Each structure stands twice: as structure tokens, then as C-alpha cells.
Amino acid sequence: MHLPDGIVPVEMALAGYACSAGLMALALHRIKARPDPQAEIPRVAMLTTVFFAASLVAVPVPPTSVHLMLAGLMGVTLGWFAVPAVLVGLFLQAVLFGHGGITALGLNGVVFALPALLAFGIWQQIGRRWPDLGAFLAGSGAVILALALFATIVLAGLPAELDAAAERMALRIFVLAHVPLALAEGVIVLTLLRVLRRVERRLLYHG
Amino acid sequence: MAERGPGPTARLVIALVLAFGIASVQGLAVLPYVFVLAIGLVLASGQWRMVLRRMRGPALLALGLCVVLPLGSGTTVLAELGPFRLRLEGLEAAALIAGRLLSIVAVTLALLAALPPFQLVAGLRSLRLPALLADLALLTLRYLDEVTAELRRAHLARQIRGGHRGWRALPDHATLLATGLIRAQARSERVWAAMRLRGYGAGLAMPLARLRARDWIGMSVALIAALGVIWLDRVL
Amino acid sequence: MAGPGSVTLLELDALSVGRPEYGAVLSDMSLSLAPGERVGLVGPNGAGKTTLFHTIAGVLPALRGGVRMTGKPVSAGQFRPDIGLVFQQAEDQLFCPTVIEDVSFGPRNLGLPAAEARARATRALDQCGLSGLEDRPVHHLSGGEKRRACIAGALALQPDLLLLDEPSAALDMRQRRRLIAVLAGMPQAMLIASHDLELVLELCPRVVLIDQGRIRADGPARAVLGNAPLMDAHGQEVPHSLTPHHPAGHLHVRSSP
Amino acid sequence: MAGPGSVTLLELDALSVGRPEYGAVLSDMSLSLAPGERVGLVGPNGAGKTTLFHTIAGVLPALRGGVRMTGKPVSAGQFRPDIGLVFQQAEDQLFCPTVIEDVSFGPRNLGLPAAEARARATRALDQCGLSGLEDRPVHHLSGGEKRRACIAGALALQPDLLLLDEPSAALDMRQRRRLIAVLAGMPQAMLIASHDLELVLELCPRVVLIDQGRIRADGPARAVLGNAPLMDAHGQEVPHSLTPHHPAGHLHVRSSP
Ligand SMILES: Nc1ncnc2c1ncn2[C@@H]1O[C@H](COP(=O)(O)OP(=O)(O)OP(=O)(O)O)[C@@H](O)[C@H]1O
Ligand SMILES: Nc1ncnc2c1ncn2[C@@H]1O[C@H](COP(=O)(O)OP(=O)(O)OP(=O)(O)O)[C@@H](O)[C@H]1O
Ligand SMILES: [Mg+2]
Ligand SMILES: [Mg+2]
């Protein structure tokens, strides 16, 4: 679910870059406040490789198989580091696999980083008291927010003379087609965090 | 590999400038000039086979747009084929979007695909990108293959012992991902020790050579070309 | 081919295997194994030992030729509980959070009731000397314990054939010795790939030497491993316990405490 | 302590080290090393070899006692270019994209100009027999080449002391032999932790045996490694080249082809 090059007008692409840069500056500010930010670089990089590799594996979600987005999981395990991790991941995906493109990088950054931060927030607020609920909401909430952002950007970006009704119809189908993905990611995050809480709590970001 | 033409930093700048120049095209009239520019770059890169191969995905997407948009939107009906109506506005929009998409992808691939990704990241670093981002990208690239292979072997191990198929495999996937994360965490501790022991401070990337004359020439030409495309788009 | 008198468990029949990026990695391998037989598989890095194991276990497809277990062909992608593969990298094989979950994963997938799956897992852990570590998170095991947990995971399926890929890597001597004792006490047929020739010599009466995807020798362990020109031609060394003693060896030792 | 006559390079002084989750992992270790001396460090899994190396290199802090290099204390967290640590896992140590970048990483961080950093790296690669592989991506190296690249990375800092943790793990025989030749030709002092006792025997005139975080023996290699009761008490085995030959050993071989 990457926005490709050339779909949206150039002003939106530039605005996307500005928003991503803003998010990045905020995240870097929060990261600098941590005790030893440099020491966390390898940790963030290694976890990012796992997310990256896992998103390349197709997971069965009947009736088809899909590629996971994992933005929610990145938020829960990386906290504010999810923003640089998402941007690095998107850049590499654009360069290595041609998913997304370089003009759309900023917009894609917003589509993935905001949901990651949302998941982080949900996990911090709800996950403390009801971990399973928090995990499920973080996983599927991130997918839903990403879908919403994606749909909004495409709607706003397509040429105005197009038939609005048909456009909305197409987007509705697109969103409905992704409901199983949202559920699947919720289940994945829930199961995964149960495992981590049981055997390796250090992986859950607190801060 | 980057000995021919501009270095990685300049290539990144050129790609960004041209891509945004093309992205700002609003009319169909300038598209032929854009195509000439893109095809010229692809031929000059000497990598046209690889560029074509990697363009298959975007080409499919463009084809999809060209089928869906003319049928689904617009008011001026051009032709009727049974229940389908081909419409002018949709056709124009599709041609514009597909044209921009394909030319931007062709230009970026022609400029960047032949460079090793590590050099690209080093190039980003010399564009004053925060060191944290560049180091993150370098380490991620460095370990991506190994982690992918590990994950693949773990999937094999699951399969050999009769792991479920279909939706019942979801929890297993989550477990595999969890083990992957745990191993990544342990590994990151060792990598950090290794980095610190050899005096990590100024970043991982080797400093790139300073910009040379051909880098400056390339960037200037790209800027002029991009502005030219925008100007032509206005006047045509 | 297996007559009533000479039962064959595993049979490779002019097997060739390729990897997409390269050409053939294994060519024209023929081999047969009797039930309960232990065979060592030796050869340099990249000879194709791991590839062969993956093909036998049905993970990789054969290009030509085939694999038969007790006369029936093994095809890729099938779940074969009668073949237990122990991976070269123990970490990759232990994908469940705790030891007992990992070892009972196979039996659970056989459709056994939970209690019986657990009983089988407990028995396998006991066989491998891991009783008491059932609920330990997998990543808190030592290297040797991980290796034994992998073997237990394969044993819990009660296979007729065990494929062991570098079982002694990263073990210390005590653990290695314990592993040898454990393996020596098992009734299953085994194929053991290893660079640890002393281990092969202790466990396997028969050795197969492969190099560049072909079988170069197949015979009694001492004859193959002790054949210096043959071993040397394929980048191996005759194990110490089979060499005439070093010039400074034994005599020197006997004089030291 | 080091008088002018008896120069000491490294000195451990009643060193104790703990891990947060466990208690003390090393207790009361005293040891000294002369410049250029090669010492083998043997002991079972979990004895504390890796922990000791990490403490010497200043990655882990000491609980009590201390580490001194040429008389000056080493404290945790400091960058010590005079100590080169080669990790047990080669992959984790090679974190840069290409071989030359990785090997020159240390010199660059010493603040040397780029050309000199590169020259040092080239020299170190040459010493390790890796000339020609400068621009190879690190993940395209074989296991043995990775290990040697790690050593080159440590050598490029021109350390006085090399700490090698399991240098021969996962190597096949040809690569292992090549590694031994490379190490034997180096002038630096070395501490070599290994389960491969034959390698220790070939490289180190002196051996230290540790178990459960304490030094159990320290002396000439043949005396320590050949002492069967001592080795047995600490879960080790006398290496084959030091044992009186097996009952079925040589004679059998000489009769085979
Ligand atoms: N996943 C893979 N994809 C492509 N080629 C592979 C893969 N794994 C191994 N190969 C190639 O197949 C050949 C045989 O490799 P294999 O792993 O079977 O050797 P091996 O005998 O197990 O070596 P080692 O002793 O190092 O474990 C090698 O040339 C290797 O390069
Ligand atoms: N990261 C860690 N956190 C906590 N304890 C650890 C850690 N690493 C090792 N230990 C513990 O410290 C002790 C010594 O381990 P160490 O890794 O130093 O042994 P070793 O002699 O290097 O063993 P091996 O031969 O397996 O490499 C062990 O009991 C181990 O459980
Ligand atoms: Mg192998
Ligand atoms: Mg160790």
C-alpha cells in the first residue's frame, strides 16, 4: 500500500516532504532527550531489518495472502524511533524494490509514521492496564489510520474533473478489501506481544 | 561503478530535481519532451535492460490506471463498447498520471539503480542528512540479507514439522516474528559493542569525495532541464 | 529394489538438485540406507551437504532423480513426520518461545491430543538430557542446550530417519561427549553431516565423502577417513586419531605430568 | 609491578566481574601477559571466556579488581585502540558495507587522515591474506574470510594485544589451517579462547584453563592440556595429538588403503 510517483500533484508531494520532516524533527528531539541515543541505533536498525524482512513474506489471510504493514508493531517496539525507522525503510523499499517512489516518499512517510505513533500512544495508554486489548487496538488501529490517510491523500490528489461518485466507490472497495488485513495485524500484534511479555520484556518500549 | 558520470550525491540531487520537475507537469503537451528526456537518460545510463526489468511493476500500475480511469470517470463520451463508455477526461487524466509515473520511475532508475545502495546512503549523508538516519540505513542494509535468510530458514523449520496452513498459521507467524525480534535484540547488543570498541563516533559511512566539476555540471543541467519542463508546461 | 531380505529405508536414485541462481548443486547422487544405519557425510564448505538434507526432507525439489523412503517417493512441500531434520543453525529451528512449546510443536501438528503431544515432548527432552528446562525461554539456553533442544524437537515426531547437520558445532567437549552418547544410544537411522571427523568416526561405521555436489567415496569410516590422498584431494584432513603420531606427539606427553 | 627487566603488557589483578541477572561470573582472576606472548584460554561453555575478553576490552565493567595495560588501568566504556577484540560471532563484528570500509573504520575514528587510514587498512588486509577483496560486500564473504576480515579490522588499530574468541568456529579444515598460518605469523601478544584444543596447541606455548569463572591451571600448553585428570575434572578432554593412541587406531589405518 504505497503511494506511487506521479499520482498526486507536486504541491502535495512537497507538503508531504514538509510533514515528514516535521515529524522527523519532533522525533529526533524526543530521541535526543533519551540517556544514550547513539547506543540505540543498532537496536533500532536490527529491529527494522526484521520488520522489513517480515513484510516481504506473504502471510495467509483468506481468501488470499497479504504482506503485513507492521506499522503498529514498529510503534510499540520502537516508540519515537519508529519515525526514522519508517522513513529509512521506505527509502530502501523505493530504491531496492521500487515500492513507492522518491517524490511520494514524504507522503508515504506520513501514511506510515503517524499510525506507528498512534499505536505507540495506544499501547502506552491502554496497554498498561489491558495489554491484550491495547495490543490488538495498536495493531489494527494503525492499519485503519494508514488506510484513512492513504484514501484521503488519493481523494485529495486525483484531478478534480473525475467522477466523484466512482472515485468514492473505488476507494470504498479498496478499504473494505483491507479489513481482513487490519484484523490480521491486530491478531499478530496481540499474539506477538503476549510472547514478548512472557519471555523478553526488554523489547517493549517504555518511554 | 559510479566512475561514469556524476557521483552518488550529485545523482541523488539530479534525480530529485528531475522527478519533482516531471511531477509538476499539468498538461499533456509537454509529455513527449519528458519522454525524450527520460529515454535519453535511460540510454545514457547504459543499464536499459535492468531499468526495463524493474519497470514492470510501475508499468502494470500505469496500465491499470489507463483501463480504469477512462471507463470510470469524465463526462464527454468518446465511444461506447457494449456496456462501457470511453470518456475523454478520464483518458486525459490517465495519460497524464501514467506518463508522469513512468517517466519519474525511468529517470530515478536510470540515475540510481546502478549504484550500490550503500553508496546512495553515503550520498544522503553528504546531503546533511542526520547521522542517525544514515547510520540506521547503513546497518539495516548491511543485515537485511542475513535476517531475511534467517527468517526464511525459520519458516522452513516450521513447515518441516507440519505447521498449519491458511488462517491457522497466523499465530505461528506472530511467534516467528517474535523470535526474530528477540534474536535481533541480542544481536544488536553485540553489534553495538563492536562499534564502540572501534571508536564509533562520527558515523559509519566513509566520507565521500568532494563534489567534482562534473557533479556540478550535472546538477546544473538537471536544474535547467527541470525548469525547462515546467516552463514548457506553462506555455504549451 | 528393496527385496524382503535387504530392507532399504532411504534410497536416492541419481538425484540432481539445483538452486535457482546457480546451476546444479548436487548431481547424480545415488545412495541407500538401511533402517537403523548411521552414515557420516563429510566434505568441504559448500559441498552440498545441507542442500542434500533439505532435499531428503522434502524442502527443496529435485531436478532429476528422486528420493524414496521405504519405497515410497518423497515429494517437495509434503509434511513427512518420518524424517527428522536438525538444522545447521540451531537458532533458526527453535521458533517457539519456550522449550516445551517448541518440542511439542511437531506432535501437536500430527493431530495428537494435547496430553499425548506433551508426553511425547517430555520423553524426547528426557532422551536429550534436557528434563527440567521445559519452561525455559529458548533464547536463554546455552549453545549446546539449543542444539539438544533441536534434536528433541525432531525426535518428538518419532522419525525413522534423523538428518543431523553439524550437530557438534559450538559445543564444548563435555557437551559434545554427551551429545555423542545420546546419539549413540538412539535406534533411528541417521545421516550426520559434520566437519568434526572424530565425531563421525565415533558414531558412524560408514562414511560418504562429497565434494562439489558429487559422491566421491562411500565406504567403511576408517577406510575413507584414513585415506590421506583421497581426503587431501577434497580439502579434508585425516583425523588425528587415524594419523601416525606427530613427531613431537606421544613421547613428549608421556614425560609431562 | 612491572619492573624494567620483566615487562608486562596485560595484568589482571584479582578481577571479579558480574552480570546483572546472575551473580559474579568471574571471580578473583589474576593473570599477566608479556608483550608478544601467545596464551590459550580453554574451558567449558559458560566458563566465562567471552566475559573475560569483554572485560579486558572495556565493554563490561569490573566488580572488583582491575585490568592494566602497560601499567595503566583500563576502564569500561573507553575506546582502547591498543586492545583488539575479535568477537565470537564474526557477522556481528563486520557492520560496515564493504571490507575496506569495515577495516578502515577503526583508523578513521582514531582521527587519521583518510589516506593513512586506508593505507593501514590495506596493510592489515594484506597481513590476513585478504588483498584483492577490499571492495567486496561483507556479506558475500565466506565464513573463513569473514573471520579474517574481523582480525584485519582489529589489526588495523595496531593493537599490542589481540583477543580472539573462538577463531576457528564454523571453518572447514582448509580455512582453519590457513587461519592458523596467519595467526602464527603475527608479532602481537594474543589471548586465544577456543574449544579447538589442537589449534591452541599449535599456536600457544602457554595455556590457561578456566572453569566457573576461576583460573584452574596456568602453565605450558603440553603440561596443562596433557594432564588428563585436570582436564577431565573441568569437562575437557586431552587433545588427540597428546593422547597415547587409541587401541584400534593406527594399526587399523595402516592396513587400509
Ligand atoms: N539458499 C541458497 N541459495 C542459493 N545457493 C545456495 C543456497 N544455499 C547454498 N547454496 C549453494 O549451494 C552450494 C552447496 O551449499 P550447501 O549449503 O549445501 O553446502 P554445505 O556442504 O552444507 O557447506 P557447509 O559445510 O559450509 O555447511 C554452495 O555452492 C552454495 O553456494
Ligand atoms: N549477556 C549476558 N547476560 C547475562 N549473563 C550472561 C550473558 N552472557 C553470558 N552470560 C553468563 O555468563 C557466564 C559466562 O558466559 P561466557 O559467555 O563468558 O562463557 P564462555 O566461556 O565464553 O562460553 P562459550 O564457550 O559457550 O563461548 C555464563 O554462565 C552465562 O550464562
Ligand atoms: Mg551446511
Ligand atoms: Mg564465549
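Since we're looking at a predicted model, the values are computed, not measured. In what follows, every chain begins at residue 1, and chains take the letters A, B, ... in the order their sequences are listed.
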[X] [atom1] to [Y] [atom2] distance, which is reported to the nearest 0.5 Å:
X	Y	atom1	atom2	result
Q236(D)	R177(C)	CD	CZ	12.0 Å
K49(D)	D172(C)	NZ	CG	7.0 Å
H240(C)	L197(D)	NE2	CG	10.5 Å

What closest approach, in Å, do M173(C) and G235(D) show between heavy atoms, and which atom pair accounts for it?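 Heavy atoms of M173(C) and G235(D) come nearest at CB-O, 3.6 Å.
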
Contact class of E237(C) relative to chain D, heavy atoms under 4.5 angstrom: both

Can you tell me which portion of L230(C) sits under 4.5 Å from chain D's heavy atoms? Options are side chain, backbone, both or neither. neither

Tell me, please, which residues at least two apart from H54(D) pass ring pair (Phe, Tyr, Trp, His ring centres under 6.0 Å). F87(D)

What part of L201(D) is in contact with chain C, defined as an atom under 4.5 angstrom from a non-hydrogen atom: side chain, backbone, both or neither?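 Looking at L201(D), nothing touches chain C.
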
Under the side chain to side chain contact (heavy atoms under 4.5 Å, CB included) test, residues paired with S30(D) that sit two or more places apart: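 Testing S30(D) for side chain to side chain contact (heavy atoms under 4.5 Å, CB included), a comparison that skips the adjacent residues, returns A14(D).
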
